[in-house]
Amino acid sequence: MLKEERQQEILRIINSELKVIASDLSQRLSVSEDTIRRDLKDLDNQGLIRRVHSGALRVGPPVVDFSTRENIYNEIKVKLAQKALPFIKDNQVLLIDGGTTNLCLVKLLPINLKATIITNSPPIAIALVNHKDVDVIMLGGTLYKESMINLGIDTVDSLSSMRVDLYIMGIHNIDSQIGVSVPTLSECLVKRRMVDISTEIIGLVTSNKLGTVSNQIICPPQDLNYIITNSIEPEIKNIYLDQGVIVID
């Protein structure tokens, strides 16, 4: 098998199985582990996979601007949001960070909801303007225009004096062993603090983000109480369940 053919087969396997182990690929493709490691390095350098210890993971969806993401997977995002609605009760203090799926959820909230909602997302704050019984706390910071969220030390500091009942986390990448991650350190630090101040955490994640990883690790998977997704392999679901995370799909 030529190098190009072998690397295409590696990509096919990763996209199908979400992750690979170098020693296993070596046996399956009848080449040395050193050859496989070089292949994985080449593919990682091209941005086609994400190398991790002993193997590689499928890369997540590309980072695109907020307005573009608003028009992707709309039907799926609405279904995820509908699954999250039963967790939202009157008189809760909710923390809802940025993301187009979270924005879908906010647009579905009952107009008579009585709650306090904390957010670092201007679009989410604006979507709540007609909810007269919802107190909206807008976290300050520097606007990261690509994701339409406020980030930075001011955002982190403002969270230090807060405690919330439920944090609804928008997820960019999640892996059942590595945990939740994002591409940028600034967003990672804000989300870490959000995790620290939350009694319960729900992660809303479309299935294309499952089994993917970025450079900045926010928290291990067991920090989440619930994952709401549209499709998940039974064996991956069982891994989360073993970690105490309830998966709703």
Side-chain angles (χ1 to χ4, degrees), residues 1 3-64 97 99 146-147 169-192 194-196 201 203-245 247 249:
M1 183 182 292
K3 175 182 177 181
E4 290 77 10
E5 294 175 321
R6 187 175 62 249
Q7 291 187 356
Q8 285 301 311
E9 179 63 10
I10 291 172
L11 282 175
R12 187 196 66 77
I13 293 171
I14 291 178
N15 286 328
S16 172
E17 302 177 12
L18 305 186
K19 63 178 66 179
V20 293
I21 304 299
S23 57
D24 178 58
L25 279 179
S26 171
Q27 295 179 3
R28 291 168 72 171
L29 300 179
S30 301
V31 293
S32 69
E33 285 192 41
D34 285 340
T35 297
I36 292 297
R37 291 191 186 96
R38 286 193 294 269
D39 286 337
L40 296 180
K41 183 177 180 181
D42 287 346
L43 294 169
D44 182 88
N45 289 338
Q46 296 174 58
L48 299 174
I49 64 168
R50 177 79 63 179
R51 279 199 305 162
V52 294
H53 179 68
S54 78
L57 296 171
R58 180 172 64 93
V59 295
V63 178
V64 296
D97 63 9
E146 195 168 70
S147 297
M169 179 193 288
I171 291 182
H172 190 276
N173 302 95
I174 184 169
D175 177 74
S176 59
Q177 297 182 355
I178 294 173
V180 184
S181 58
V182 289
T184 65
L185 178 60
S186 55
E187 186 172 5
C188 177
L189 294 176
V190 169
K191 283 181 176 285
R192 278 184 192 169
M194 289 176 169
V195 169
D196 290 341
I201 302 171
L204 298 184
V205 53
T206 51
S207 60
N208 61 319
K209 298 176 181 178
L210 295 170
T212 68
V213 65
S214 286
N215 292 329
Q216 305 297 331
I217 309 299
I218 298 163
C219 64
Q222 57 266 31
D223 278 6
L224 277 64
N225 300 96
Y226 303 92
I227 292 173
I228 297 178
T229 187
N230 55 302
S231 177
I232 188 170
E233 295 294 327
E235 59 269 26
I236 302 299
K237 184 175 183 177
N238 288 334
I239 292 174
Y240 283 116
L241 292 174
D242 289 343
Q243 295 169 325
V245 183
V247 179
D249 62 341

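The first residue of the sequence shown is numbered 1, and numbering continues consecutively from there.
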Peer 1: Is it the case that the side chain of Tyr240 and the backbone of Ser176 share a donor-acceptor pair, with hydrogens and angles ignored and the cut-off at 3.5 Å?
Peer 2: yes
Peer 1: Within the distance-only criterion (no hydrogens, no angle test), does the side chain of Lys209 pair as donor or acceptor with the backbone N or O of Ile171 below 3.5 angstrom?
Peer 2: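 Side chain of Lys209 to backbone of Ile171, a donor-acceptor pair under 3.5 Å: yes, one is there.
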Peer 1: Do the non-hydrogen side-chain atoms of Glu187 and Arg192 ever get within less than 4.5 Å of each other?
Peer 2: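 Not in contact.
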Peer 1: Looking at CD of Gln243 and CD1 of Ile227, how far apart are the two atoms once the value is rounded to the nearest 0.5 Å?
Peer 2: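 So the gap between those two atoms works out to 8.5 Å.
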Peer 1: Output, in order, the C-alpha distance, side-chain angles, deciding distance and verdict of side chain to side chain contact (heavy atoms under 4.5 Å, CB included) for Leu204 and Met169.
Peer 2: CA-CA 6 Å; Leu204 298 184; Met169 179 193 288; over 6 Å; no
Peer 1: Out of curiosity, Leu57 CG to Ile49 CD1, how far, rounded to the nearest 0.5 Å?
Peer 2: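 One finds 9.0 Å between CG of Leu57 and CD1 of Ile49.
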Peer 1: Does Glu233 form a salt bridge (charged side-chain N to carboxylate O under 4.0 Å, His left out) with Lys237? I'd like the steps, not just the answer.
Peer 2: CA-CA 6 Å; Glu233 295 294 327; Lys237 184 175 183 177; over 6 Å; no
Peer 1: I want to check something: taking the side chain as every heavy atom from C-beta on, are Thr35 and Arg6 in contact at a cut-off of under 4.5 Å?
Peer 2: yes
Peer 1: Walk me through whether Thr229 and Asp249 qualify under side-chain hydrogen bond (donor to acceptor under 3.5 Å, both in side chains).
Peer 2: CA-CA 5 Å; Thr229 187; Asp249 62 341; over 6 Å; no
Peer 1: Tell me the closest heavy-atom pair linking Asn230 and Ser207, and the distance in Å.
Peer 2: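 Taking Asn230 first and Ser207 second, the nearest heavy atoms are OD1-N, 2.8 Å.
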Peer 1: The test is side-chain hydrogen bond (donor to acceptor under 3.5 Å, both in side chains); show your working for Ser32 and Asp34 and say whether it passes.
Peer 2: CA-CA 5 Å; Ser32 69; Asp34 285 340; 5.2 Å; no
Peer 1: Quick one: are Ile10 and Leu43 in side-chain contact, heavy atoms under 4.5 Å?
Peer 2: yes
Peer 1: Going from CD1 on Ile178 to CZ on Arg50, what distance comes out if it is rounded to the nearest 0.5 angstrom?
Peer 2: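 Rounded to the nearest 0.5 Å, the CD1-CZ separation comes to 9.5 Å.
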Peer 1: Given 3.5 Å as the limit, does a donor-acceptor pair link the side chain of Asn225 with the main chain of Ile201, or not?
Peer 2: yes
Peer 1: Is the closest side-chain heavy-atom distance between Val182 and Ile218 below 4.5 Å?
Peer 2: yes
Peer 1: For residues Ser181 and Ser214, report the shortest heavy-atom separation together with the two atoms involved.
Peer 2: OG-N, 2.7 Å
Peer 1: How close do Ser231 and Leu210 get, heavy atom to heavy atom, and via which atoms?
Peer 2: O-CD1, 3.2 Å
Peer 1: Can Leu241 and Asn238 be said to form a side chain to side chain contact (heavy atoms under 4.5 Å, CB included), step by step?
Peer 2: CA-CA 5 Å; Leu241 292 174; Asn238 288 334; 3.9 Å; yes
Peer 1: Taking the side chain as everything from C-beta on, heavy atoms only, tell me whether Lys41 gets closer than 4.5 Å to Asn45.
Peer 2: yes
Peer 1: Taking Arg51's backbone N and O only, do any of them form a donor-acceptor pair with Asp44's side chain (distance below 3.5 Å, no angle check)?
Peer 2: yes
Peer 1: Distance check, rounded to the nearest 0.5 Å: Asp242 atom CG versus Gln222 atom CD?
Peer 2: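 It comes to 11.5 Å.
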Peer 1: Can you give me the closest heavy-atom contact between Leu224 and Cys219, atom names plus distance?
Peer 2: CD1-SG, 3.9 Å
Peer 1: What's the verdict on side chain to side chain contact (heavy atoms under 4.5 Å, CB included) for Glu33 and Arg37, showing C-alpha distance, side-chain angles and the deciding distance?
Peer 2: CA-CA 6 Å; Glu33 285 192 41; Arg37 291 191 186 96; 3.0 Å; yes
Peer 1: Could you tell me whether the side chain of Ser26 and the main chain of Val31 form a donor-acceptor pair under 3.5 Å?
Peer 2: yes
Peer 1: Could you walk me through whether Asp42 and Lys3 pass the side chain to side chain contact (heavy atoms under 4.5 Å, CB included) check?
Peer 2: CA-CA 11 Å; Asp42 287 346; Lys3 175 182 177 181; 3.1 Å; yes
Peer 1: Whether the side chain of Asp175 engages the backbone of Val213 through a donor-acceptor N/O pair (distance < 3.5 Å, no angle test) should be reported.
Peer 2: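 Answer holds: no.
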Peer 1: Restricting to non-hydrogen atoms, name the atom on Pro183 and the atom on Gln216 that form the minimum distance, rounded to 0.1 Å.
Peer 2: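 Nearest pair, atom of Pro183 first, then Gln216: O-CG, 3.8 Å.
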Peer 1: Flag the pair Arg28 and Asp24 as a salt bridge only when some basic side-chain nitrogen lies within less than 4.0 angstrom of an acidic carboxylate oxygen.
Peer 2: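 Yes.
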Peer 1: Roughly how far, to the nearest 0.5 Å, is CD1 of Ile13 from CG of Leu29?
Peer 2: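 Going from CG on Leu29 over to CD1 on Ile13, the span is 5.0 Å.
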Peer 1: Once you round to the nearest 0.5 Å, how far does CG of Asp39 lie from CD of Glu9?
Peer 2: 11.5 Å
